[in-house]
Amino acid sequence: MISSGDTRPMTDFRQPGAECELAVVLGADLPLKPGGYTRAEVLDAVARTIAAIEVPETRFSALAIHGGLALVADNGAAGYAVAGEGVEGADSLDDLDRMGRLIVDGVVKEEGDVRQLVALPSELLTDHVNRMAARGWEHRRGDVILLGALAPRVGLDGPARIVASVDGLGEAELHFAAGS
């Protein structure tokens, strides 16, 4: 996790870039539970629905040079997350009209809405919690769970101020600086 508003040198990242994400912060533990959790139980555990930035990372020298399956084997190119403040609870999590934007140095570079996700955000969240539990992973209060990109990845060639803005959920911000 990187705090919103932080500055990090570009040299900290193999392939500097960012995505605008829809995410949640858990307000309760979700320990292992035989049979898994219902959608209602998972949503009750959500403290906040937030805008976030994902900074994808990979162990490879370039994203997807070995095909899409390499990204799966590489933990989906997961890297860092920057969490915004958002709103309390999960009441508006499935708002299909919610737009997200990735803004680089004040210019909107990419945008999209919740409809481009593979399922409703609440379904993605419930599926994630239950799949991870099947692997022995317990989610804890304070965990940030990224549900999907509302705006595609933007690669960076130099220092930049990145803002992920999601309608009704505010912003998350990260500064990529030159040097180390």
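All values below were derived from every heavy atom in this structure, side-chain atoms included, with hydrogens, water molecules and symmetry-related copies excluded.
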Check G142 against V25 and note the closest heavy-atom contact, atom names and distance.
O-CG1, 4.0 Å
For a quick test of reading the model, state the closest non-hydrogen atom pair linking I103 to S165 and the distance between them.
CD1-CB, 4.1 Å
Shortest non-hydrogen contact from A52 to A23?
CB-CB, 4.0 Å
Going by salt bridge (Lys or Arg N to Asp or Glu O under 4.0 Å), name the pairs with one or both residues in residues 116-129, residues two or more places apart or in two chains.
D127-R131
Excluding sequence neighbours, so at least two apart, what forms salt bridge (charged side-chain N to carboxylate O under 4.0 Å, His left out) with R101?
E111, D167
Which pairs pass ring-ring contact (aromatic ring centres under 6.0 Å, His included) with one or both residues in residues 90-111, sequence neighbours excluded?
none
Heavy atoms of P56 and G17 approach each other most closely as CD-O, 4.0 Å
Do side-chain atoms of E138 reach the backbone of L32 as a donor and acceptor pair under 3.5 angstrom?
yes
Is a donor on one side and an acceptor on the other found under 3.5 Å between the side chain of E110 and the backbone of P152?
no
Once side-chain hydrogen bond (donor to acceptor under 3.5 Å, both in side chains) is applied, what residue pairs with a partner in residues 81-93 remain, sequence neighbours excluded?
S92-R98
Would a 4.5 Å heavy-atom cut-off, applied to side chains only, mark I162 and H175 as touching?
no
Could you note down all residue pairs passing ring-ring contact (aromatic ring centres under 6.0 Å, His included) where residues 106-135 supplies at least one of them, sequence neighbours left out?
H128-H139
Residues in salt bridge (charged side-chain N to carboxylate O under 4.0 Å, His left out) with D113, at least two apart?
R115
Apply the hydrophobic cluster definition, ILVMFWY joined by side-chain contacts under 4.5 Å directly or through others, and give me every member besides V129.
L22, V24, L26, L30, Y37, V42, L43, V46, V87, L93, L96, V114, L117, V118, L120, L124, L125, I145, L147, L150, V166, L169
V144 and I2: same hydrophobic cluster, using ILVMFWY side-chain contacts below 4.5 Å?
no
Any ring-ring contact (aromatic ring centres under 6.0 Å, His included) involving residues 5-34? Give me the pairs, sequence neighbours left out, ordered by first then second residue.
F13-Y80, F13-F176
Could you check whether any side-chain heavy atom of V108 comes within less than 4.5 Å of a side-chain heavy atom of L102, counting everything from C-beta outward?
no
Could you tell me whether the side chains of T126 and R39 share a donor-acceptor contact shorter than 3.5 Å?
no
Can you confirm whether D6 sits close enough to V82 that some side-chain heavy atom of one is under 4.5 Å from a side-chain heavy atom of the other?
no
Starting at SG of C20, measure out to CZ of R153 and round the result to the nearest 0.5 Å.
14.5 Å
Between S4 and A83, the two heavy atoms sitting closest are CB-O, 3.5 Å
Going by salt bridge (charged side-chain N to carboxylate O under 4.0 Å, His left out), name the residues that satisfy it together with D143, two or more places apart in sequence or in a different chain.
none
Mind checking who shares a hydrophobic cluster with W137, ILVMFWY linked at side-chain heavy-atom distances under 4.5 Å?
M132
Do V154 and I53 land in one hydrophobic cluster if side-chain heavy atoms of ILVMFWY residues count as linked below 4.5 Å?
yes
Residue pairs meeting salt bridge (Lys or Arg N to Asp or Glu O under 4.0 Å), one or both in residues 25-38, sequence neighbours left out, come to D29-R140, K33-E41
Salt bridge (charged side-chain N to carboxylate O under 4.0 Å, His left out) with E173: which residues, sequence neighbours excluded?
R161
Give the minimum heavy-atom separation between G89 and T49, together with the two atoms involved.
O-OG1, 2.6 Å
